[in-house]
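Proteins get letters first, then strands, A, B, ... in listed order; numbering begins at 1 in each.
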Amino acid sequence: MVAITLPDGSKRDFEGAVTGLQVAESISKSLAKAVVLAKVDGEDWDLNRPITTDATVSLVKKDDEEALDLLRHDGAHVLAQAVQELFPGTQITFGPSTDDGFYYDFHREEPFSTDDFAAIEKQMRKIVERNDEIVREVWSREDVHKYFTENGETFKAEWVLELPEDQDITMYRQGDQWVDLCRGPHLPSTGRLGTSFKLMKLAGAYWRGDANNPQLQRIYGTVWRNDKELKAYLTRLEEAEKRDHRKIGREMGLFHIQEEAVGAIFWHPKGWKLYSTLEDYMRKRITVADYVEVRTPQLVDRKLWEMSGHWDKFHEHMFIAEVDEVDSAAAEDSKRMLALKPMNCPGHVQIFRQGIRSYKDLPMRMAEFGACHRYEPRGALHGIMRVRAFTQDDGHIFCTEDQIVSETKVFIDLLKSVYKDLGFTEIAVKFSDRPEKRAGTDEIWDKSEAALKEATEAAGLSYTLNPGEGAFYGPKLEFVLRDAIGRDWQCGTLQADFVLPERLDAAYVGEDGEKHRPVMLHRAILGSFERFIGILIEQYAGKFPVWLAPTQAVVATITSVADDYAEEVTNALKAAGVRVECDLRNEKINFKVRDHSVKKVPLILVVGAREAEEKTVAIRRLGGKAQEVMSLDAAIELLKSEAALPSGE
RNA sequence: GCCGCGGUAGCUCAGUGGUAGAGCGCACCAUUGGUAAUGGUGAGGCCGAGAGUUCAAUUCUCUCUCGCGGCACCA
């Protein structure tokens, strides 16, 4: 007798071992049809796995949110089976579910092509139609190893030997022929997967994520509970594509990149207006926040990088310039090696080191919009988001250990306020604590970790822990913001550093008259201007708030009789500091409105004979239908205030 | 860097072993109009670069280069 308790508290008795599917059948036919997974005492169980002892059982239906992960995992298996049926000799490796689908990594001498997708999808549909039974089997490690070795599945054979000794090794049999090593759970049969899936892309991936290992071929797919969901997902992807900063950047004429300067940006007039507006805004904010702005050299002798430790660890990511010593007779054929700075911190320490610093000078908040170069791997480059030449909104706060908490808190408040001005309100924090290889004593780490945590909490932010992911010189906070379509971007950072001040001999004189080491807090809010502007473009889909828009307003005439007045309006707005253009083209107003709307100009000021006569303007906002007629003076005041930089209030 | 895919007009994309195509944009002409496309005419191309096969290559093959999607990387 097995007694099954259901979620509503009711009990059912069964003669002997019973499966989740049988429990469902005992309740109703429709439930038996819809169910995909059993939860036995809270644990995921395959529907056809026998339950032999009394248990609490709840059933997951295909419509339930929870079912997605299972369906996707089964999608991966059906893909793997289809591929092996179509391409004998292909080895299977791993195939997990992902956030919106699954992938499966294969090993095959011949490359797959996306042209194969149609055939593979067709085969997957056949497997679903066949409704192959999926059965969980417990095997011994030796049997699994033998099985895969005999079948030429070297990756699987290697993997099984590394599974923990004390764990049951489960194999899932799918149909008569096909078996895969898997933890499960799975559907009872392939038919329950349905056909709301689609193969998405093909990519290379390294065996076990290590670039030293052989490369496998990864096929990505997506799975949903029904066709409507699948379609919605594909639409969502299209929407994201429309926001792509590379596409919008080209359409709006913001920037370009060309072969001769890979990883660096040619900013066009409109793009640079956006950039410099963001820079003006950041300068305003940090000035109010008591930072001092500095500028440090681009090219710095190798010696400094050796002292700071960068040469040792990162020189292959640095751009090197080698020059002949031309003006030194003593060093006739000697070379001098310089490197473009990949970071600003060593430069800032040099400024801090000039003269004698007192504890009264601390905290010293030093900021630089620092242009850095890093030799990023080619495959890492992406539009203006990941480049080799970029500008950080960098800053280093030199302070005492006792000031870490208050400085962190002040920084987080500034960061939150900046993000809010820029349109981001959902912020997550990741806290990375001490890594295994680190500098500094445990005592110092205890202190700095506690300080960062305390300050984060005091600033009203919750955080998730990233154990062991801190920098070698100190713990770090990373600030992640969520954009308008739910994507996460890591931008800001705050890192406590006890090492660099030591290496570069930064010191201040304390109250006691003795020399002390300051702590350095490395911090950035945007991260880099280039990347952040990319994020802003995608966040707003190019439709920037007035204060950020490269062109804030266009004055457009209806007929040429209003030309003189239109120029008068334009000049008045220019004088008021508004970025405005004048459109006197011999075109219909419909055409002009459409043209400037497509170009995403936030405000269109329409003037015709009537407005010229009455000294008014008709304002139309981007995306809106309504127009508001007001006096020129009122319009100037309105635009002036909307065009102004926000101040974090 | 690795795997797969791609590069044709300013942009989006057709196309072909034998003289290169469309839409939008651009220029010019006409049109003076009331809130998302007025009509006409025209210009615009080393078909990414180099080599090979061929009577002939934008088209087929190879190398390079750049881009795209992942992987690895992101101090």
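- Comparing A/Tyr473 and A/Ile257, the nucleotide of RNA chain B nearest to each residue sits closer to the 5' end for A/Ile257.
- Counting any heavy atom pair closer than 4.0 Å across all strands shown, A/Ala556 reaches no nucleic acid atom.
- The pair A/Lys242-A/Glu239 meets the salt-bridge criterion, with a side-chain N (NZ, NE, NH1 or NH2) lying under 4.0 Å from an Asp/Glu carboxylate O.
- Shown here, B/rA49 forms a base pair with B/rU63; the pair counts as Watson-Crick or G-U wobble because both key distances fall under 3.5 Å.
- For B/rU38 and B/rU32, the C1' atoms lie 12 Å apart once the distance is rounded to whole Å.
- For A/Arg585 and B/rG33, the CZ to P distance is 18 Å, given to the nearest whole Å.
- Taking atom P on both nucleotides, B/rA22 is separated from B/rU41 by 13 Å, rounded to a whole Å.
- Among B/rU35, B/rC71, B/rG70, the nucleotide with an atom closest to any side-chain atom of A/Val593 is B/rU35.
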Show me, pair by pair, the donor-acceptor contacts under 3.5 angstrom made by side chains of residues 471-478 of chain A, not counting sequence neighbours?
from	atom 1	to	atom 2	distance (Å)
A/Tyr473	OH	A/Gln495	OE1	2.4
A/Glu478	OE2	A/Gln490	NE2	3.2

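- The side chain of A/Asn590 contributes an N or O atom lying less than 4.0 Å from OP1 or OP2 of B/rA36.
- In the set B/rU38, B/rC74, B/rC71, the nucleotide with an atom closest to the side chain of A/Arg374 is B/rC74.
- The residue among A/Asp210 and A/Arg594 whose nearest nucleotide of RNA chain B is located toward the 5' end is A/Arg594.
- Taking atom P in both B/rC46 and B/rU61, the straight-line distance is 24 Å, to the nearest Å.
- At a threshold of 4.0 angstrom between heavy atoms, the contacts of A/Gln627 include nucleobase atoms, whether or not backbone atoms are also involved.
- Shown here, B/rA72 forms no base pair; nothing in the strands shown gives a Watson-Crick or G-U wobble contact with both key distances under 3.5 Å.
- A salt bridge does not link A/Glu628 to A/Arg620: none of the charged side-chain nitrogens sits closer than 4.0 Å to a carboxylate oxygen.
- For B/rG34, neither phosphate oxygen OP1 nor OP2 lies less than 4.0 angstrom from any side-chain nitrogen or oxygen of A/Arg620.
- Comparing B/rG25 with B/rG10, their P atoms are spaced 16 Å from each other, to the whole Å.
- Nucleotide B/rA14 forms a pair with no other nucleotide shown, judged by Watson-Crick or G-U wobble geometry with both contacts under 3.5 Å.
- For A/Glu449 and A/Arg434, the salt-bridge test passes: some basic side-chain N is under 4.0 Å from an acidic carboxylate O.
- Here, B/rA51 and B/rC11 have their C1' atoms 32 Å apart, quoted to the whole Å.
- Outside the 6.0 Å centre-distance limit, the rings of A/Tyr104 and A/Phe102 are not counted as a close aromatic pair.
- Under the Watson-Crick or G-U wobble criterion, with both distances below 3.5 Å, B/rA20 is left unpaired in every strand shown.
- When the P atom of B/rU12 is taken as reference, atom CD of A/Glu241 falls 12 Å away, rounded to whole Å.
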What donor-acceptor contacts under 3.5 angstrom involve side-chain atoms of residues 368-386 of chain A, with partners at least two apart or in another chain?
from	atom 1	to	atom 2	distance (Å)
A/Glu368	OE1	A/Thr296	OG1	2.8
A/Glu368	OE1	A/His348	NE2	2.7
A/Glu368	OE2	A/Thr296	N	2.9
A/Glu368	OE2	A/Thr296	OG1	3.3
A/Glu368	OE2	A/Lys341	NZ	2.9
A/Arg374	NE	A/Pro342	O	2.9
A/Arg374	NH2	A/Pro342	O	3.1
A/Glu376	OE1	A/Arg386	NH2	3.0
A/His382	ND1	A/Arg246	NH1	3.4

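- For B/rC74, neither phosphate oxygen OP1 nor OP2 lies less than 4.0 angstrom from any side-chain nitrogen or oxygen of A/Arg531.
- Taking atom NE2 of residue A/His382 and atom P of nucleotide B/rC74, one finds them 19 Å apart after rounding to whole Å.
- A/Phe472 places its CZ atom 9 Å from the C1' atom of B/rA75, with the value rounded to the nearest Å.
- Between A/Lys247 atom NZ and B/rC11 atom C1' there is a gap of 10 Å when expressed in whole angstrom units.
- The listed nucleotides are B/rG70, B/rC74, B/rU38; the one nearest the side chain of A/Arg386 is B/rC74.
- Among the heavy atoms of the strands lying under 4.0 Å from A/Ala618 is at least one base atom, whether or not backbone atoms are also near.
- When the C1' atom is compared between B/rC64 and B/rG6, the two are found 16 Å apart, to the nearest whole Å.
- Taking a pair to require two hydrogen-bonding distances under 3.5 Å in either a Watson-Crick or a G-U wobble arrangement, B/rU38 pairs with B/rA30.
- The separation between A/His310 atom NE2 and B/rA75 atom P is 11 Å, rounded to whole Å.
- Under 3.5 Å, the side chain of A/Tyr206 and the base of B/rG1 form at least one donor-acceptor pair of N or O atoms.
- Dashed line: the shortest gap from a side-chain N or O of A/His315 to OP1 or OP2 of B/rA75 is not under 4.0 Å.
- Note: A/His73 and A/His77 have perpendicular aromatic rings, judged against thresholds of 30 and 60 degrees for the angle between ring planes.
- The shortest distance between the side-chain N/O atoms of A/Arg246 and the OP1/OP2 oxygens of B/rG67 is not below 4.0 Å.
- Screening A/Arg108, A/Gln123, A/Glu153 for a side-chain contact (heavy atoms from CB on, under 4.5 Å) with A/Gln84, the sole residue that qualifies is A/Glu153.
- Phosphate proximity of B/rA36 to A/Lys625: present, with a side-chain N or O under 4.0 Å from OP1 or OP2.
- In this model, the phosphate group of B/rA72 is not approached by any side-chain N or O of A/Arg378 to a distance below 4.0 Å at OP1 or OP2.
- With distances taken from any side-chain atom of A/Ala211 to the nucleotides B/rC71, B/rA75, B/rA72, the minimum falls on B/rA72.
- Here A/Lys201 lies in heavy-atom contact (under 4.0 Å) with sugar-phosphate atoms only.
- The A/Glu587 side chain lies nearest to B/rU38 when the options are B/rU35, B/rU38, B/rG69.
- Nucleotides B/rC3 and B/rA72, compared at atom C1', are 11 Å apart to the nearest Å.
- Each of B/rG4, B/rA75, B/rC66 was ranked by its minimum atom distance to the side chain of A/Leu202; first place goes to B/rG4.
- Distance, A/Asp595 CG to B/rG33 P: 20 Å, rounded to whole Å.
- At a cut-off of 3.5 angstrom, counting only N and O atoms as typed in the model, there is a donor on one side and an acceptor on the other between the side-chain of A/Glu611 and the base of B/rG34.
- Pair assignment for B/rA43: none, as no Watson-Crick or G-U wobble contacts are both less than 3.5 Å.
- B/rA43 and B/rA9: their C1' atoms are spaced 11 Å apart (whole Å).
- Listed nucleotides: B/rC66, B/rG34, B/rU38. Nearest to the side chain of A/Val606: B/rG34.
- Of the candidates B/rG4, B/rA36, B/rG33, the closest approach to any side-chain atom of A/Pro111 belongs to B/rG4.
- Here B/rU32 is the nucleotide among B/rU32, B/rG69, B/rU35 with the atom lying nearest to any side-chain atom of A/Ser560.
- Whole-Å rounding puts the A/Phe102 CZ to B/rG70 C1' distance at 15 Å.
- Side-chain contact, A/Ser97 with A/Asp69: a donor N or O sits under 3.5 Å from an acceptor N or O.
- Closest contact between the side chain of A/Ala203 and the listed nucleotides B/rG70, B/rC73, B/rG33 involves B/rG70.
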